[in-house]
Amino acid sequence: TFQALAVVTPVVEEVFFRGFIFAGLVPRLGVGWAILASSAVFSFFHLAVGVLIPIFITGLLLAWLYHRSGSLWPSIIAHAGQNTLAVALEVYGV
């Protein structure tokens, strides 16, 4: 479970949401609107009403990071770090 949430999920989600959705929206909407739209899709995809806003904000930051760096790796690493922290807090009850 830890490997799936902390390693596999960030890779798959970053490739899909930033590499595919965000990158596909940029030519149509421009960078700013593409960041907003892809972050909204990212947030709604998680299907958890209680965390829509935090996940949306995370999506904004990850899309911005991808755009600024020109590479998916920084957003993958940041996403993996966030998921690792969330899993650790859940497991250890901190």
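Remember, predicted model here, so these are calculated numbers, not experimental data.
When the side chains of ILVMFWY residues are joined at heavy-atom separations under 4.5 Å, either directly or via intervening members, Leu5 and Val7 end up in two distinct hydrophobic clusters. By the criterion of side-chain heavy atoms lying less than 4.5 angstrom apart, applied directly or through intervening Ile, Leu, Val, Met, Phe, Trp or Tyr residues, Leu47 is not grouped with Val51; the two fall into different hydrophobic clusters. Ile77 and Phe17 fall into different hydrophobic clusters, where Ile, Leu, Val, Met, Phe, Trp and Tyr residues are linked whenever their side-chain heavy atoms come under 4.5 Å apart, directly or through other members.
The side-chain contact (heavy atoms from CB on, under 4.5 Å) check on Ile57 picks up Ile53, Leu61, with sequence neighbours excluded. Scored by the side-chain contact (heavy atoms from CB on, under 4.5 Å) test, Val8 finds Val12 as partners (sequence neighbours excluded). Applying the side-chain contact (heavy atoms from CB on, under 4.5 Å) test to Phe20 and every residue at least two apart in sequence or in another chain returns Phe16. Residues passing the side-chain contact (heavy atoms from CB on, under 4.5 Å) test with Leu85, sequence neighbours excluded: Leu89.
In this structure, Ser75 contributes its side chain and Leu65 its backbone to no donor-acceptor pair below 3.5 Å.
In terms of heavy-atom proximity, Ala6 sits nearest to Ala80 at O-CB, 3.2 Å. Across all their heavy atoms, Ala23 and Gly19 have their closest contact at CB-O, 3.2 Å. Residues Arg18 and Leu72 share a closest heavy-atom pair of CB-CD2, 3.7 Å.
One finds the CD atom of Gln82 at 4.0 Å from the OG1 atom of Thr58 (value rounded to the nearest 0.5 Å).
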Solution key, residues 33-46 side-chain donor-acceptor pairs under 3.5 Å, sequence neighbours excluded:
from  : atom 1 : to    : atom 2 : distance (Å)
Ser38 : OG     : Ala34 : O      : 2.8
Ser38 : OG     : Ile35 : O      : 3.3
Ser39 : OG     : Ile35 : O      : 2.7
Ser39 : OG     : Gly59 : O      : 3.2
Ser39 : OG     : Leu60 : N      : 2.9
Ser43 : OG     : Leu52 : O      : 2.6
His46 : ND1    : Phe42 : O      : 2.7
His46 : NE2    : Glu13 : OE2    : 3.4

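Sequence neighbours left out, the pairs with a member in residues 51-74 that pass ring-ring contact (aromatic ring centres under 6.0 Å, His included) are Phe22-Tyr66.
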